[in-house]
Amino acid sequence: MANPPTEELVQQWESEQTRLREQVVEQDTEPWQKSPDFSGLERVAGVDLSFIKGDEVNACAQLVVLSYPQLEVLYEESTMVALTMPYMAGFLAFRETPSLLEALKRLRCNKPELMPQVVFVDGNGVFHYREFGIACHLGVLSGIPCVGVAKNLLQVEGVYKDEEHQSQIAALQKGGDSFPLTASSGKVLGKALRSSEKSSKPVYVSVGHKISLDTAVRLTHSCCRYRVPEPIRQVMTNGLLLLHFARL
DNA sequence: GCGACAG
DNA sequence: ATCTTGTCGC
């Protein structure tokens with residue numbers, strides 16, 4: 001087990017999140033983001049950590065770069081890492097971001113021509129208690145546009161998985177349909193997206209950095225062959241495969 | 001006090 | 001996060 005953080009450390013993390021939050025750019029900053037078919041976009045990445053069942057410490061950090069729009073693997077990298085911090089809802093970034101940043105750093109060093117133009121992160125961006133989830137964290141620290149895609153709903157203020165939420169999900173008829181996740185403040189923090197034609201369960205998309213919400217949703221949908229966008233799906237399956245291989 | 005709680 | 005088989009449906 002990773003040592004639990006002290007109360008002081010958690011408070012330090014909170015203030016770091018609120019401080020870095022001011023650096024998040026929630027607008028489209030890249031030319032390809034404004035194009036209807038994302039022309040100019042050639043490389044999209046996915047990042048994730050995979051674990052073995054009982055082990056909370058040892059994980060496989062993965063980075064995959066895919067071509068766009070073909071979604072074929074251009075680059076793939078896996079590293080075994082030992083995590084320092086346990087998982088805490090709201091503080092995922094302090095557990096996973098360091099390994100992911102290092103993976104991006106190695107790519108920039110070894111194959112700079114393969115650096116992705118956008119990174120899909122397994123988890124939330126602005127859709128977060130302090131509007132600074134792991135996708136924002138990785139985005140601000142790397143400077144690369146990031147999109148947060150969560151497979152499960154985080155209940156932030158004003159957004160609950162109640163009957164209304166269920167009926168909104170039921171109203172998503174076809175792939176690409178979405179509805180906003182609105183905080184009690186009135187701000188739209190993300191969108192629930194029906195990412196593929198079959199799959200009644202949506203994914204939750206939010207801005208990480210240097211992209212607008214509408215573009216993030218549109219791009220996520222365009223990267224989906226199944227429910228989970230291909231960059232993240234690739235990274236998840238590869239990570240698991242590798243862990244099982246390493247186990248023998 | 002109780003429930004909720006991305007990965 | 002991870003475990004695990006079949007089964008039902010298009």
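Below, read A as the first sequence line, B as the second, and so on, with proteins coming before strands; counting in each chain starts at 1.
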Exercise for the section: Give a yes/no answer on whether the side chain of A:Lys151 brings an N or O atom under 4.0 Å of OP1 or OP2 in C:dA1. Expected result: yes
Exercise for the section: Show your reasoning for whether side chain to side chain contact (heavy atoms under 4.5 Å, CB included) applies to A:Ile52 and A:Asn58. Expected result: CA-CA 8 Å; A:Ile52 276 183; A:Asn58 298 107; over 6 Å; no
Fill in the blank from the handout: A:Gln62 CD to C:dA1 P, in whole Å, measures 15 Å
Handout entry: Boundaries of the chain A footprint along DNA chain B (any atom under 4.0 Å from a heavy atom)
Key = B:dA4 to B:dG7
Handout entry: Student check: side-chain heavy atoms of A:Val47 and A:Val119 closer than 4.5 Å
Key = yes
Exercise for the section: Remember a base hit wins even if backbone is also touched, and classify A:Tyr87 as base, sugar-phosphate or nothing at under 4.0 Å, heavy atoms. Expected result: base
Exercise for the section: Would you classify A:Asp48 as touching base, sugar-phosphate or nothing, given that sugar-phosphate means primed atoms plus P, OP1 and OP2, and contacts are heavy atoms under 4.0 Å? Expected result: sugar-phosphate
Fill in the blank from the handout: Rounding to 0.5 Å, atoms CZ (A:Phe94) and OG1 (A:Thr84) come to a distance of 12.5 Å
Practice task
Could you tell me whether A:His128 and A:Phe91 have their ring centroids closer than 6.0 angstrom?
Solution key: no
Handout entry: Integer-rounded Å distance: C:dC3 C1' and A:Leu241 CG
Key = 17 Å
Practice task
Please confirm whether A:Phe132 and A:His137 have ring centers closer than 6.0 angstrom.
Solution key: yes
Practice task
Return the set of residues passing side chain to side chain donor-acceptor pair (under 3.5 Å) with A:Ser196 (not counting sequence neighbours), or none when no residue passes.
Solution key: A:Ser199
Practice task
Mind checking A:Leu49 for me? I need base, sugar-phosphate or nothing, with any heavy atom below 4.0 Å counting as a touch.
Solution key: nothing
N/O-N/O pairs, protein side and nucleotides 8-10 of chain C side, under 3.5 Å:
none

Exercise for the section: Please determine if A:Glu77 and A:Arg108 form a salt bridge, counting it only when a charged side-chain N lies under 4.0 Å from a carboxylate O. Expected result: no
Exercise for the section: Nearest whole angstrom, please: distance from the C1' of C:dA1 to the CG of A:Asn58. Expected result: 14 Å
Practice task
Taking atom types as modelled, find out whether A:Ser184 and A:Glu157 have a side-chain donor-acceptor pair closer than 3.5 angstrom.
Solution key: yes
Practice task
Pick base, sugar-phosphate or nothing for A:Asn152, based on heavy-atom distances below 4.0 Å to the nucleic acid.
Solution key: sugar-phosphate
